[in-house]
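The structure that follows is given in the form of structure tokens.
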Amino acid sequence: VQLQAFGGGLVQPGGFLRLSCTASGSIFKISAAGWYRQFPGKQQELVAELPSGSKTVYGDSVKGRCTISRDDSKKLVYLEMDNLKPEDTVVYYCHFLLQTLQGDFVHEFHTWGQGTEVTVSS
């Protein structure tokens, strides 16, 4: 299973961006999907996570400015970011918690996309 993220780029402060991430390969179920970012020298930071059957979680620094959604039929997760700030400039990584079938067994594992860069600058 591989993930590929799209949608990063240059946007002006106060602008809007929509990131997409798609999973390829044989997937039985998506248990959770989300987005993270990591600034140089710092730990990975949650942007948003959307677990199946549970409440969406947003990072404090983006709360109120981001909306996460997913389309399991297309194996896609989206992140819409509004009112972008220069401090949002960094690479964003998508994350899936996936289930695959291995014979009679369900195998659950985390997988990550390669990242898409967002630059907020005038």
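Both backbone and side-chain heavy atoms feed into the values below; hydrogens, waters and symmetry mates do not. The shown structure was predicted, so the numbers you read here are calculated from the model rather than taken from an experiment.
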In this structure, OG of Ser121 is separated from CG of Leu84 (nearest 0.5 Å) by 12.0 Å
Are Lys55 and Val57 close enough that some pair of their side-chain heavy atoms sits under 4.5 Å apart?
->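 With C-beta onward as the side chain, the pair stays apart.
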Can you sort out the partners of Lys63 under salt bridge (Lys or Arg N to Asp or Glu O under 4.0 Å), two or more places apart, ordered by chain and number?
-> Asp60
Side-chain heavy-atom pair Ile68, Tyr58 within 4.5 angstrom cut-off =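 Yes, side chains in contact.
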What side-chain donor-acceptor pairs closer than 3.5 Å can you find for residues 3-19, not counting sequence neighbours?
none

Step-by-step side chain to side chain contact (heavy atoms under 4.5 Å, CB included) determination, Ser26 to Thr100 = CA-CA 7 Å; Ser26 179; Thr100 59; 5.8 Å; no
Donor-acceptor side-chain pairing of Glu108 and Gln99 below 3.5 angstrom |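 A pair is found: one side chain offers a donor N or O, the other an acceptor, under 3.5 Å apart.
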Ser61 versus Arg37: any side-chain heavy-atom pair under 4.5 Å?
->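 Yes - at least one pair of side-chain heavy atoms lies under 4.5 Å apart.
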Look at the side-chain heavy atoms of Ile, Leu, Val, Met, Phe, Trp and Tyr, link any pair under 4.5 Å apart, and say whether Phe28 and Leu50 land in one connected group.
->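 Per the 4.5 Å side-chain linkage, Phe28 and Leu50 are not co-clustered.
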For Thr67, does its backbone N or O pair with a side-chain atom of Tyr78 as donor and acceptor, under 3.5 Å?
->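 Here the side-chain-to-backbone pair does not exist.
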Whether over 12 other heavy atoms sit under 6.0 Å from Glu87 CD |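 For Glu87, atom CD is crowded (more than 12 foreign heavy atoms under 6.0 Å).
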Out of curiosity, does Ile27 fall in the hydrophobic cluster containing Val77 (side-chain heavy atoms, cut-off under 4.5 Å, transitive links)?
-> yes
Applying ring pair (Phe, Tyr, Trp, His ring centres under 6.0 Å), name anything that partners Tyr36, two or more places apart in sequence or on another chain.
->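 Ring pair (Phe, Tyr, Trp, His ring centres under 6.0 Å) check on Tyr36 returns His95, Trp112.
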Ser52 side chain to Ile30 main-chain N or O, any donor-acceptor pair under 3.5 Å?
-> yes
Does Asp88 reach the side chain of Arg65, with side-chain heavy atoms less than 4.5 Å apart?
->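 In short, these two side chains touch, coming nearer than 4.5 Å.
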Does Val1 share a hydrophobic cluster with Trp35, counting links as ILVMFWY side-chain heavy atoms below 4.5 Å and allowing steps through other members?
->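 Yes, Val1 connects to Trp35 through the hydrophobic network.
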Check whether Tyr93 and Leu46 end up in the same hydrophobic cluster, where Ile, Leu, Val, Met, Phe, Trp and Tyr are linked by side-chain heavy atoms less than 4.5 Å apart.
->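 Same cluster: Tyr93 reaches Leu46 through Ile, Leu, Val, Met, Phe, Trp or Tyr contacts under 4.5 Å.
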Cluster question for you: counting only ILVMFWY and a side-chain heavy-atom cut-off of under 4.5 Å, with indirect links fine, are Val118 and Val90 together?
->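 Linked within one cluster.
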Spacing of CD belonging to Glu49 relative to CZ belonging to Phe96, to within rounding of 0.5 Å |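 The CZ atom of Phe96 is 10.0 Å from CD of Glu49, to the nearest 0.5 Å.
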So with a 6.0 Å cut-off around CD of Gln38, is the heavy-atom count from everything else above 12?
->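 Atom CD in Gln38 is packed in, count exceeds 12.
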How long is the gap from CZ on Arg70 to SG on Cys21, to the nearest 0.5 Å?
-> 12.0 Å
